[in-house]
Asker: 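This is the structure, below, for whatever I ask next.
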Amino acid sequence: MSVTPLVELRGIVKKFPNVVANDHVDFSLMPGEVHALLGENAAGKTTLMNILYGLYHPDEGEIYVKGKKVKIRSPADSIKLGIGMVHQSFRLIPVHTVWENVVLGLKEAGFILNKKKLAETVKKVCEEYGWNIDPNAKVWQLSVGEKQQVELLKLLIRNVDILILDEPTSVLTPQETKNLFKALRIMAEKGKGIILITHKLEEVFEVGDRVTVMRKGKVVATKPTNEVTAEELANLMIGRPVLFKLEKPEVKKGNVVLEAIGLKAMGDRGVLALDDVNLRVHSGEILGIAGVAGNGQEELVEVLAGMRKAHGGRVFIDGEDVTNKGVKYLIEKGVVYIPPESTRWALVREMRLVENVALKLYRSKDFSSTFTINWRKLFEFSKKLIEEYDIAAHSPSILASALSGGNLQKVVLARELSTTRDGKVPKLILAAYPTKGLDVAATEFVQSLLLKYRSLGSAIIFLSEDLEEIMMLSDRVVVMSRGRIAGEFLPTEKTIEEVGMMMVKGSAA
Amino acid sequence: MSIEWIEPVLASTTSIGVVYLLGSLGEIYAERSGILNLGLEGIMAIGAAISFIITIAWGHALAFLVAGIFGILMGLLLAFFAVSLRLNQITVGLAITMLGLGLSGFITFPTTRKIILQTLNPELPGAVLETQSVSMLPSVPIPLLKEIPIVGPMFFNHNVVVYITLILAPLMWFLLFRTSAGLKIRSVGENPGMADALGINVFRIRYLTCILSGMFSALAGAYFMLGFQPFWIEGMTGGRGFITLSLIILSTWSPLRAIFGSLLFGGIEVLQYRLQLFGLGATSPQFVLMLPYAIAVITLSLLSVESFRKRISAPAALAKPYYREE
Amino acid sequence: MFKLERRVYPSRKTSGLVIFLSFLLAFFVTGLIFYFLGVNVVQFYLIIGNVFITPVLFLQAVFRSIPIILSSLGLVVAFRMGFWNIGAEGQIYLGMVAATGIVILHVFYDAIPISLMLIAMGVASFLAGGAWCLIAASLKAKLGVNEVLTTLMLNYIAILFVDYLVYGPWRDPEGWGFALSIPFPDYATLTFGGHPSVAGITISVAVAALVYVLFKYTKLGFVLSVLGKSSEVAKYAGMSVGRATLLGSLISGGIAGLGGFYVVSGMIGRLRPRASPGYGYTAIIVAMLAQLNPWLILPAGIFFGGLLTAGDALQSLLRLPASTITVFQSVIFLCIVLAEFFMRYKVVLKR
């Protein structure tokens, strides 16, 4: 007896400028199973699911839903087919009540909305899954876990039988996670199929029936969870190193530049994102921070750059307490910050290149007097940077938007590394994913720059999604998990596999 | 003081309040769906001007009809710019206000008005062509109810438009807050992307609310002309469109609360006339007239305070064009 | 089939061309509207054109354009920093109040020496207009209150405040009961250079130059431009966003306030109710037409001053109301708004 799969994806290809996000991907979902989709960030999981959800359209490949070949043009289409997705950022209206959020657009609700009846219907579904939400409560009054339940309610009330959950546990407390998994099992028992996008190994084993591992846009394995071990999965997920040689000169470690003690900070969603983080970085040292995305790394560098308030703990630079002193003060202290997605958050695309170079430098005495900016000097300086960093721009007066991503990244680096007081070397460089999305040549260029400043005596914190890169470049590595430091070691002390385990398990292997 | 003094004041309070209430009904829908129509003032002006001309040519009933049609056209203009072309609603709205004020002045100017009137109704006697005033809508007192002290003169001794508006307000509240259509409108104004994902046609809903907003604004202008001040003065709306916007803020986007707000604003205006009449505050009626605008600024500020913002606030997507994400 | 293609960012040349074409479109559309309303369109445009080639009328056009130009220059500052100041009208009125206040202080209390009168009036009107704008700006900076509605509402409060003054405490005791302030003494009128137009255009050019310098050379101007494009990047670069918002809006409202100073001191010679026929709103059109370029504000402003002047001729020659000009203005406004669309998208022919 063969069961028709709820969903079958065959040979899905999706290309974006510069990357192939999905490269001939096959995937299937059976009724009654929880299918974990495992992979690092940018492995192509979310892209694949957005295709199934109708947000993206595949360049190649076929989609079968319950045995029928379909074309999904929009999320509205996918709902009609019984496919629903819970996104990482909730799509709810906080000022509306729970039941209003749930029945929006639902034909069965009728024209005149019978508040009592609808609330009761919602309540009934809640009870099936052991949830305890007041249907008449406003969504803004709910906890994060409850909001997620409302998202699920929206789908369940529409009799969706294919549920996609995009990293649903990243915002939940352990207790809430447990409740969610319980509910997922009930759904599976009712014959629904659940796709769980995740990068946490323990979740795969906790609720998953089958697991598909993706890496760099390709499916590397699909297996029942009782036939694999955590070690195997970690290896599949992180992958074998494609090592290329990097000249890494010996540098003598200097004094402590940065010291963070007991650092705490809230994330954007109001949950604790940093919990008691202690760090030390010396001059002439690269500290690599490894971790699965969303485990507090970004918040950490934001706090160190002054962009985010620390709610507890202290930050010292050269022994001076600089906790919550603000961006400007830290820039003056010699802190350089290359933010994630820097071409978006550290540049103004509608402005000329020279103006982008001036973003921080305009305050420097070299380029300005009390009130005015010396644009001629900045122009000359930009020219020098264009040459030095080999930026493909014929003049500093072109708009930043005219440059490619790689060149924009070079502009950010050029500016940041030269944004120092009186031509001194930066004291602390916070580089968050500086090589992300760059081609091989540009990546090597960025890496060699970091090494150069290491030799010159800067203290460097380096974030990357590429574990090999971290192991290769860093003098010391710290692994972050759930806002805490899960381990600290020298790159020679551990294998990539061990670190990978530490990242996904959240504790020393 | 005897009650005879109070009753006419309350009656005029309702009369003037209905201008704001009528104008706010459509605009509340528009703002709830994410459209800020700053063209309200101009559309009101053109509604008043057209009703003035059409009443002379064809009478009261058609005056409202034609004013309503012109309001719909102005609403469509707004929708095309703001919804289809996704242009800045603030500038589009101000331009429409300017257009409405200009056109209303233009068509009512003695020479142009004469030509228009002769085209519309060649049989009009010459003297009528030059008139600045029109007949007011007749009062239709409701028997028995009008005898009730205070409430009677306040609500049951008015023209038909007043009654219709007072009935329409709760109906439109019900439509907005108790039906699936209303839920769709409100959701589009809070999170159009989400509504779209659930298969709700954001563009259609916003076109509809633009049309409603245009129509009700023009009708409010027509009522102001025919129900409250039946003679034409250029610029007669004098900021009442913007007071209506203020009323909507005060009533926090609810047609039901708008009833009370409109009576408050109506009361303020009547009070100001009365104060002058009695010589009280004769030197500074302006401060009373400032109240609606000041109330708007204060309400807006209060709504922005964290603890309030969670509960009631302007629709999240207000004045934001919607692009489908790709 | 025509298809719309998104432009990355329009070049300055493209935006200039699109704006110019939309401006021409406005002439066409206005012509069409008035043709249907039975106006002799050729004569209509001839009368308008005549304003710009007849010296006397042109001087008049310049005269009437000064408050528009000044408040528009103020808007350049606000719009460039991403602050939607719709309140130039109110800021003009506050400028009038302050200038008149100085005159009254002088005449009745002899508080200010004659030689300092004009300077004192200028400074006072700048501060008053700026303060009026600061109300909305600080509400935005502190509470995040949308500035569009607050500046708009503050306009009416300002207009009513002027009404209060001239009907009340500031009414000229010898004015036969009219709602007018005392007439300004000669030394309090802006007539240097022989004609108020000359005085006005001198001030306008000077302010345009200052706004130009502000954005071209100063640190503050740079911070404001970055803020206008992306407040996130501004924060990232360590710029003090709140302080810049307040300072920028003070300047923006202040310049509009100078426009009010010119209205009472250069045009009317006293304060009266409703002294501005909407200069502050016309200024929005001018600022957009000039693409926020301070030098282009001058010709664009004079064009609209010319329209106001032509309005008089239209009344006497074609028996058309003043609102004819308002209609024309609004059509230009709509067309410039439309231009924004063609800057974002280009229409391409596709098979």
Asker: Which pair of non-hydrogen atoms, one from B:L87 and one from C:V337, has the smallest distance, and what is that distance?
Answerer: CD2-O, 3.4 Å

Asker: If every non-hydrogen atom of C:S330 is compared with every non-hydrogen atom of B:A95, which pair is closest and at what distance?
Answerer: CB-O, 3.6 Å

Asker: Checking B:F81 against chain C: side chain, backbone, both or neither under 4.5 Å from a heavy atom?
Answerer: side chain

Asker: Which atom pair, heavy atoms only, marks the closest approach of B:E234 to C:S323?
Answerer: OE2-CB, 3.5 Å

Asker: Given heavy-atom pairs under 4.5 angstrom as the criterion, report whether the side chain, backbone, both or neither of C:I284 touches chain B.
Answerer: side chain

Asker: Side chain, backbone, both or neither: which part of C:I86 has an atom under 4.5 Å from a heavy atom of chain B?
Answerer: side chain

Asker: Give, as side chain, backbone, both or neither, the part of B:I90 having an atom under 4.5 angstrom from any heavy atom of chain C.
Answerer: side chain

Asker: Please determine, among B:T112, B:I115, B:L94, the option with the most heavy-atom pairs under 4.5 Å with chain C.
Answerer: B:L94

Asker: For C:I285, which atoms come within 4.5 Å of any heavy atom of chain B: side chain, backbone, both, or neither?
Answerer: side chain

Asker: Minimum heavy-atom separation for B:S304 and C:L143, please, with both atom names.
Answerer: CB-O, 3.4 Å

Asker: Non-hydrogen atoms of chain C under 4.5 Å away: do they reach the side chain of B:I243, the backbone, both or neither?
Answerer: neither

Asker: Is B:A294 in contact with chain C via its backbone, its side chain, both, or neither, using a 4.5 Å heavy-atom distance?
Answerer: both

Asker: Determine whether a donor-acceptor pair (N or O, by modelled atom type, separation under 3.5 Å) exists between the side chain of C:T150 and the backbone of B:V297.
Answerer: no

Asker: Which answer fits B:L77, side chain, backbone, both or neither, if we ask what part of it has an atom under 4.5 Å from a heavy atom of chain C?
Answerer: side chain

Asker: Flag the one option from B:T91, B:I249, B:T111 with the top tally of heavy-atom pairs under 4.5 Å to chain C.
Answerer: B:T91

Asker: Are there over 12 heavy-atom neighbours, none belonging to B:F80, within less than 6.0 Å of that residue's CZ?
Answerer: no

Asker: Given the rule in the side-chain contact (heavy atoms from CB on, under 4.5 Å) test, do C:Y345 and B:R86 qualify, once you have shown the distances and angles that lead to the verdict?
Answerer: CA-CA 11 Å; C:Y345 297 90; B:R86 304 182 190 97; 3.6 Å; yes

Asker: Which atoms of C:F34 are under 4.5 Å from chain B, going by heavy atoms: the side chain, the backbone, both sets, or neither?
Answerer: side chain

Asker: Work out which heavy atom in B:F109 is nearest to a heavy atom in C:P321; give both atom names and the distance.
Answerer: CD1-CB, 3.1 Å

Asker: Could you tell me which non-hydrogen atom of B:Q286 sits nearest to which non-hydrogen atom of C:D163, and how far apart they are?
Answerer: CG-CB, 3.5 Å

Asker: Counting only heavy atoms closer than 4.5 Å, note whether C:L152 contacts chain B via side chain, backbone, both or neither.
Answerer: side chain

